[in-house]
Amino acid sequence: SEEIQIQGRTARQGKKGSYQMILLNSDLEEQFGLARDWTDDNAKKDWYNCLSDARKKRRNAVCEEIETNLAAAIEKDCNTHCYFDALLAKDKE
C-alpha cells in the first residue's frame, strides 16, 4: 500500500526514518464513514488498524458495487444480442 512505500522512502542509507500521516476528519467521515470523534473511541495504538479496517470495508463495498453493475451490464448486453439476432433472423425469412 501507499504507507509501505512512504515508510521505505523515509529511511535512506541504513538510517532509520520516520513519517506521519495527516488526515482530515471530514474526508474520513465522507469516504469511510468514520465519526468525527472516532479517535476518542479508539486507543492511539489502534488508530492505524481502525483506518485500515475502514479502508478495507470501503474497498469491499466499491468492489461489490462494481460486480453488481457488471452483472447488470452483461445481462443488458446479452439481451441486446438476443434482440439483434432476432431482427437478423426475421430479415432472413
Side-chain angles (χ1 to χ4, degrees):
S1 76
E2 300 86 20
E3 292 86 24
I4 294 172
Q5 184 176 6
I6 291 168
Q7 290 171 4
R9 295 198 176 277
T10 62
R12 287 289 180 246
Q13 298 176 353
K15 296 180 181 175
K16 185 177 178 181
S18 65
Y19 78 103
Q20 294 179 349
M21 291 180 13
I22 311 276
L23 307 167
L24 285 171
N25 275 334
S26 59
D27 286 347
L28 296 175
E29 186 175 20
E30 290 171 19
Q31 296 179 22
F32 301 104
L34 292 173
R36 285 197 175 263
D37 61 350
W38 71 272
T39 55
D40 297 341
D41 299 332
N42 296 285
K44 190 171 185 176
K45 66 179 179 62
D46 297 328
W47 286 2
Y48 185 85
N49 288 335
C50 182
L51 290 170
S52 183
D53 290 344
R55 181 173 44 196
K56 286 177 188 173
K57 183 179 177 183
R58 173 68 179 138
R59 179 73 181 140
N60 287 340
V62 168
C63 288
E64 284 180 27
E65 183 178 359
I66 289 170
E67 290 292 329
T68 300
N69 291 340
L70 180 60
I74 289 171
E75 183 178 353
K76 285 180 183 179
D77 183 60
C78 181
N79 290 339
T80 301
H81 282 280
C82 290
Y83 176 74
F84 280 116
D85 288 345
L87 287 176
L88 292 172
K90 193 74 164 171
D91 281 346
K92 291 179 183 178
E93 292 177 4

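Numbers here simply count residues along the sequence, with the first being 1.
- Atom CZ of residue R58 and atom CG of residue L28 lie 13.0 Å apart, to the nearest 0.5 angstrom.
- Atom OG1 in T80 sits 10.5 Å away from atom CG in D85 (nearest 0.5 Å).
- For L24, the side chain to side chain contact (heavy atoms under 4.5 Å, CB included) partners are S26, D27, not counting sequence neighbours.
- In this structure, CG in N49 is found 10.0 Å from CG in N42, a value given to the nearest 0.5 Å.
- Looking at heavy atoms from C-beta onward, F32 lies in side-chain contact with R55 at the 4.5 angstrom threshold.
- The CG atom of L70 sits 12.0 Å away from the SG atom of C63 when rounded to the nearest 0.5 Å.
- Here C50 contributes atom SG and D41 contributes atom CG; the two are 9.0 Å apart, rounded to the nearest 0.5 Å.
- Remark: T39 OG1 to D46 CG distance equals 12.5 Å, nearest 0.5 Å.
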